[in-house]
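Working notes, structure below.
Numbered from 1 within each chain, the chains take letters A, B, ... in sequence-line order.
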Amino acid sequence: MTVPSLASSLSDTVSAAATSLGLADFVAQVRRSEHADFQADGVLAAARTLRRRPRDIAAEVVEALRADDLVAEVAGPGFVNLDLTDRTLLTQLAGRLADPRLGVGTPETGVTTVVDYSQPNIAKEMHVGHLRSTIIGDALVRILEHLGGTVVRRNHIGDWGTQFGMLIQYQNEQPAAAGGDDASMSRLAALYRQARARFDTDPQFAVRARQRVVALQGGDPDTVAAWQDIVAESTRYFTEIYDRLGVRLTAADAVGESAYNDALPGVAADLAAQAVAVPSDGALCVFFDQVRGPDGAPSPLIVRKRDGGFGYAATDLAALRQRVGELHADRLLYVVDARQSLHFTMVFDTARRAGWLPPQVSAVHVAFGTVLGPDGRPFKTRAGDTVRLVDLLTEAVDRAREVVAAKNPDLTGAALHERARQVGIGAVKYADLATSRTRDYTYDPQRMLALTGNTGVYLQYAHARIRSLLARAGNPAVTVDPTTTLEPAERALILDLDGFADTLTEVLTHYEPHRLCGYLYRLAQTFTTFYEHCPVLRAPDPIRANRLALCHLTGETLHTGLSLLGIPAPTHL
RNA sequence: GCGCCCGUAGCUCAGCGGAUAGAGCAGGGGACUUCUAAUCCCAAGGCCGCAGGUUCGAAUCCUGCCGGGCGCACCA
């Protein structure tokens with residue numbers, strides 16, 4: 001059963017009190033405060049429109065709030081401080097514990113969201129950019145689903161385009177150099193590099209490669225078969241990485257660019273018929289008032305190229321139309337690099353104009369910044385190559401294994417490996433999710449894998465400690481006695497715990513998972529303060545039982561919160 | 001030229017209209033016969049890029065600068 005947060009309940013209470021006083025426009029903003037449990041803001045703003053003294057209004061509100069379980073008082077220039085009784089806090093604690101969902105509601109019920117994320121390219125290695133998209137998208141998917149939403153995952157894989165002509169042609173001409181029958185991702189990556197180099201330096205090969213593209217698009221059986229082999233091999237590889245990452249993307253979620261091929265002529269024809277797109281230099285383009293190039297000339301979204309081919313604008317439009325029209329999406333999320341922001345602005349605008357994106361359907365480019373190395377430059381190896389995602393994950397897990405083994409010598413073999421995986425992958429994900437997504441992100445393996453401070457491990461450790469404590473107590477049934485007197489550290493913990501559901505909805509207002517990271521980190525710190533100040537097992541009942549209940553809810557909240565970030569929370573570290 | 005993002009402690013970052021701007025890391029000083037010290041406590045560290053404006057109140061909103069990053073016609 002949904003348990004409204006204390007903050008939202010108080011907001012209702014204060015608003016009702018203000019209404020009873022005739023303060024019609026009063027909007028109570030209740031938030032946590034250093035000076036009380038909560039503070040209600042809004043009096044100062046109301047005072048101006050009413051032309052009255054703020055403290056007088058605040059005093060009236062306080063008077064109207066008079067109740068047994070609430071202490072309200074005027075503070076400063078016109079703040080209303082709100083303090084709740086221990087009994088109220090303990091009752092709230094009991095309410096959350098009584099619900100398997102910790103009282104979190106399902107405000108997303110009935111809302112369908114299509115989330116487009118990960119987007120690796122066939123025959124190319126995944127790198128840190130894909131990692132960001134994958135991790136952020138996965139967290140958003142989990143949170144949307146947890147709040148009752150319907151989610152369609154879409155992995156818009158780069159499985160089509162001119163580079164496949166190059167790849168297949170090179171493979172045909174140089175079967176040995178391309179690694180023969182040895183089908184693997186490293187073979188494909190090497191093939192890609194060699195084919196690219198040949199394409200750039202040998203004009204005659206480039207001509208043959210372009211002819212091969214025509215053959216592919218024309219459905220030549222041998223060429224199509226070669227393409228399918230390459231796609232299948234890459235897809236197996238991606239699935240392997242998703243499994244390693246603990247990301248819930250499957251082959252079924254992969255709907256690549258090629259899936260929209262048949263729809264592209266229709267997209268172009270409809271846009272042309274509606275005059276949304278117009279011919280320009282032989283291409284079919286959509287223009288925008290504000291979008292201009294360096295020369296001052298309008299810059300288009302190119303729906304169909306001069307040679308008659310389609311680029312990714314057409315593909316994105318086809319996908320969008322299908323997601324709204326056939327999948328009945330209420331919301332479209334694109335977890336893509338911030339550098340694509342102009343592209344999405346144009347695509348969304350075009351779709352609006354064409355009527356494919358009705359006003360009630362939102363489309364959001366969930367942009368993230370470039371991944372930088374410790375030197376502040378785009379993250380590359382010392383040789384200047386893109387860092388392979390697999391290498392990065394392997395390094396993270398290896399280092400985690402060393403740390404885990406050092407702290408927990410009894411752990412060996414498969415158990416050690418599993419623990420190292422949970423810690424290492426968790427560290428990578430947390431480091432990526434914890435910073436606000438729009439800014440460029442400094443990827444520093446040293447810092448992230450130090451496994452100390454504000455990291456995933458800190459949270460995993462806090463969780464494991466709680467599980468250990470509860471196990472030591474014999475995992476008793478949870479009971480809450482609402483009549484005990486609370487220590488400040490206990491009050492702070494209950495108040496923090498109560499903010500979980502509100503944090504999740506806050507994450508969805510701007511699709512910012514880092515807010516959940518910040519919440520969980522604060523919660524872990526508050527718990528640690530409680531842990532240092534309030535003995536649990538040694539305390540006499542009913543205080544002991546209440547503290548065990550606090551531990552229980554904290555453990556559950558950390559576990560749920562971490563899992564919503566896609567981070568495992570083992571019972572032991 | 002136009003557009004988007006970013007300038008907060010030495011470093012990496014939170015905070016984005018409310019009371020005295022916070023954390024982590026690094027560096028300094030402490031705390032383990034104690035429920036996991038992968039932890040905690042204390043001290044130190046700030047013209048919140050600059051200048052105006054709006055407001056009872058601005059790191060937060062608006063305008064203009066400065067500095068950095070990234071986009072802007074046939075790659076995706």
Legend entry - Polar side-chain contact A/D159-B/A76 base: donor and acceptor under 3.5 Å: no
Inset, instruction - Nearest-nucleotide wise, let me know which of A/P298 and A/G42 is further upstream toward the 5' end of RNA chain B. - result: A/G42
Inset, instruction - Measure from the side-chain heavy atoms of A/Y531 and tell me the nearest of B/U36, B/G18, B/A23. - result: B/U36
Inset, instruction - Counting heavy atoms from C-beta on, name the nucleotide in B/G69, B/C40, B/C35 closest to the side chain of A/R472. - result: B/C35
Inset, instruction - Decide, yes or no, whether a salt bridge links A/R306 with A/D281 under the criterion of side-chain N to carboxylate O below 4.0 Å. - result: no
Inset, instruction - Using a cut-off of strictly less than 4.0 Å, decide whether A/R515 has a side-chain nitrogen or oxygen near OP1 or OP2 of B/G15. - result: yes
Inset, instruction - Ignoring backbone atoms, establish whether A/T442 has a side-chain N or O less than 4.0 Å from OP1 or OP2 of B/C13. - result: yes
Legend entry - A/D337 with A/R132: basic N within carboxylate O range, under 4.0 Å: no
Inset, instruction - Indicate whether the side chain of A/T386 and that of A/E125 have a donor and an acceptor atom separated by less than 3.5 Å. - result: no
Legend entry - Interface residues of residues 456-469 of chain A with RNA chain B (non-hydrogen, below 4.0 angstrom): A/V457, A/Y458, A/Y461, A/A464, A/R465, A/S468, A/L469
Inset, instruction - Kindly say whether, by distance alone, the side chain of A/T455 makes a donor-acceptor pair under 3.5 Å with the base of B/A38? - result: no
Legend entry - Interatomic distance at P, B/A9 relative to B/C4, whole Å: 26 Å
Inset, instruction - Using the P atom as the reference point in each nucleotide, state the distance between B/G10 and B/C70 in Å, no decimals. - result: 26 Å
Legend entry - Geometric cation-pi criterion, A/R437 with A/F368: 6.0 Å, 45°: no
Legend entry - Rounded P spacing from B/C2 to B/A44 in Å: 48 Å
Inset, instruction - Report yes or no: is the cationic atom of A/R465 (NZ for Lys, CZ for Arg) under 6.0 Å from the centre of the six-membered ring of A/Y531, at an angle within 45° of the ring normal? - result: yes
Inset, instruction - Indicate whether the side chain of A/R467 and that of A/H463 have a donor and an acceptor atom separated by less than 3.5 Å. - result: yes
Inset, instruction - Side chain of A/S299 only, please: which of B/A76, B/A73, B/U34 is the nearest? - result: B/A73
Legend entry - Base B/A76 paired with A/E257 side chain (donor-acceptor, <3.5 Å): no
Legend entry - Contact check, side chains of A/L131 and A/M126, non-hydrogen atoms, under 4.5 Å: no
Inset, instruction - Could you work out the separation of B/C47 and B/C75 based on their P atoms and round it to a whole Å? - result: 50 Å
Legend entry - Salt bridge flag under 4.0 Å for residues A/E490 and A/R547: yes
Inset, instruction - Tell me which nucleotide among B/A76, B/G24, B/A19 gets nearest to the side chain of A/S33. - result: B/A19
Legend entry - Any A/T438 side-chain nitrogen or oxygen under 4.0 Å from OP1 or OP2 of B/C6: yes
Legend entry - Under the 3.5 Å Watson-Crick or G-U criterion, the dot-bracket string of RNA chain B, with | for inter-strand pairs: (((((((..((((....[...))))..((((.......))))......(((((..]....))))))))))))....
Legend entry - B/G15 OP1/OP2 closer than 4.0 Å to side-chain N/O of A/H514: yes
Inset, instruction - Tell me whether the OP1 or OP2 atom of B/A14 has a side-chain N or O from A/R439 closer than 4.0 Å. - result: yes
Legend entry - Heavy-atom pair of closest approach, residues A/A489 and A/C534: CB-SG, 4.2 Å
Legend entry - Short N-O contact, A/R323 and A/D116, less than 4.0 angstrom: yes
Legend entry - Side-chain N,O (A/K124) to OP1/OP2 (B/A76) below 4.0 Å: no
Inset, instruction - In whole angstrom, give me the gap between the P atoms of B/U20 and B/G1. - result: 42 Å
